[in-house]
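Structure record follows, encoded as structure tokens.
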2 protein chains.
Amino acid sequence: MKSIPQRAASIGAQLHQALRDAIVRAELKPGTALSEAEIAVRYTVSRQPVREAFIRLAQEDLVEIRPQRGTYVKRIVMADVLDARFVREAIEVAVAREAALKADEPAIERLRATLRAQGAASGNAEFLAADEAMHHEIALIAGREAAWRVVDQVKAQMDRVRYLSYTNVSPAERLIAQHGEIVEAIAAHDADAAEAAVRTHMAEILLQLPQLAAQYPEMFEF
Amino acid sequence: MKSIPQRAASIGAQLHQALRDAIVRAELKPGTALSEAEIAVRYTVSRQPVREAFIRLAQEDLVEIRPQRGTYVKRIVMADVLDARFVREAIEVAVAREAALKADEPAIERLRATLRAQGAASGNAEFLAADEAMHHEIALIAGREAAWRVVDQVKAQMDRVRYLSYTNVSPAERLIAQHGEIVEAIAAHDADAAEAAVRTHMAEILLQLPQLAAQYPEMFEF
DNA sequence: CTCAACTAACTTGTATGGTAGTATAGCAGC
DNA sequence: GCTGCTATACTACCATACAAGTTAGTTGAG
């Protein structure tokens, strides 16, 4: 871990990261009005970097810029979440199949390690981080880092939903068990089983969605 | 076609669109140095909107902004093209399967119409536009507009390759025949056949890539 | 009381000046 | 001829000022 000086990222980029996190974690609630000027004074920077961060966020569909009117945290649109799920399933199925073919012993051990880490996680945020690490690791094993970046972008819409409830609707053990099946399928180099396990896992969010939409209606659209 | 006044998009957004087109069509060659100031005078606007357009392009991996150094049109990275292909295949396979299940008679007729339009297309740009229309139509039939937006973004890396050669390596008849198979599979509501046809079609670019990389080495990296 | 017009306080969009970091060409010294 | 410093001409980045559009509230006429 030789993290050399590494020129600090531009203010605009830092802001983008910070705001993105806040939106995904629902600290900035859907529908909230942002304002270049307001954010600028809060972070004691000029409006320009804030504006640039907004542009990045708009391109990720996390905020909506309405010219001369204001910039708003996008409400969670049911259809968008379902579409994100669809895309994510398609990509992750293909990734998992490749991982099942390519996985060697050390790779499998790394997967099992992330599984144990997730079991030991305490708290919602930590659990979700471990969840993400697991999926990311599979992509790395398949040698599809770029594909993971697409998934990472798309799944922001899904994560917003997951962060809504501190105690997830789906119990942790259930999700960990699903992860276990994926890992074992990959370890067995069984691509079909891996595909099936991923599809089952990806269907899980469908169970949470209606309940959360009923619980937080002001955050959803439609 | 009632194109109401429709507030003109911001200069930054217009520039983004224009530059994106120019890059994908290889009018701006890979490796070219851009410059906020230079583009600004060329379009007679200030540097700020140019800067914002650059940020958008950077997020799409079409340019690389090197702080205090310059902004460059990204070279075509072989691995990126292959990854884009991988993601696109994963998504379009899933989309085609859904389309095969959902397609009704008028939808099938629209597909056949795009096929005829492609046969009548003259010139490379027109042909590629028809190609894109075909894939887009399938996504619309499946009701996966959002998924198509992801494909559209990812496939920019592939289109850059396709625009390199005015006479595509793969003859038009061959590609049209492949499209025909996809359409007929969807018309027959045969999801498995549709999947197979899409995978065959997506493999086509793999044949062009090595030849083009050899022909235009200065545009590639690695 | 009703409603239209004006005003004031917002919003994002654009232009411009200045700053700091980077690359390069030229010159001095060896 | 080669190396190392220095001036200079770039670059992206940030701050600030101004412009133009939107919205809400207030005021005044009917």
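Below, all heavy atoms of this structure are taken into account, side chains as well, without hydrogens, waters or symmetry copies.
A sub-4.0 Å separation between OP1 or OP2 of D/dA12 and a side-chain N or O of B/Thr71 is present. In this model, the phosphate group of D/dT23 is approached by a side-chain N or O of A/Arg69 to a distance below 4.0 Å at OP1 or OP2. The phosphate of D/dC13 (OP1 or OP2) has a side-chain N or O of B/Arg51 nearer than 4.0 angstrom.
Protein atom CD1 of B/Ile11 is 12 Å distant from nucleotide atom C1' of D/dA20, rounded to whole Å. Straight-line distance from the CD atom of B/Gln68 to the C1' atom of D/dA12: 5 Å, rounded to whole Å. Residue B/Glu52 contributes atom CD, which lies 14 Å from atom C1' of D/dA12 at whole-angstrom precision. A/Glu36 places its CD atom 18 Å from the P atom of D/dC18, with the value rounded to the nearest Å. As a whole-Å value, the separation of B/Arg47 CZ from D/dA12 C1' is 9 Å. Atom CD of B/Glu64 is separated from atom P of D/dT11 by 17 Å (rounded to the nearest Å). Note: CZ (A/Arg66) to C1' (D/dT22) measures 11 Å, nearest angstrom. For the pair B/Gln14 CD and C/dG13 P, the computed distance is 13 Å after rounding to whole Å.
The minimum heavy-atom distance between A/Val150 and B/Val154, with the atom names listed, is CG2-CG2, 4.1 Å.
By the 6.0 Å contact criterion, NZ on B/Lys29 is open, its count of non-hydrogen atoms from other residues, nucleotides or ligands being 12 or less.
When distances are taken from the side chain of A/Ile65 to each of D/dC13, C/dT16, C/dT12, the shortest belongs to C/dT12. Residue A/Phe54 has its side chain nearest to C/dT12 when only C/dT12, D/dA15, D/dC13 are considered.
Aromatic ring pairs are classed by plane angle as parallel below 30°, tilted from 30° to 60° and perpendicular above 60°; the pair A/Trp148 and A/His136 is parallel.
The pair B/Arg144-A/Glu89 does not meet the salt-bridge criterion, since no charged nitrogen lies less than 4.0 angstrom from a carboxylate oxygen.
Among the protein residues, B/Leu34 comes within range of the sugar-phosphate backbone only, with heavy atoms under 4.0 Å from sugar or phosphate atoms but none that close to a base.
Each of A/Ser46 and B/Gly70 lies near DNA chain D, and the nucleotide nearest B/Gly70 is the one positioned closer to the 5' end.
Expressed to the nearest 0.5 Å, how far CD1 of A/Ile186 lies from CG of A/Leu111 amounts to 5.5 Å.
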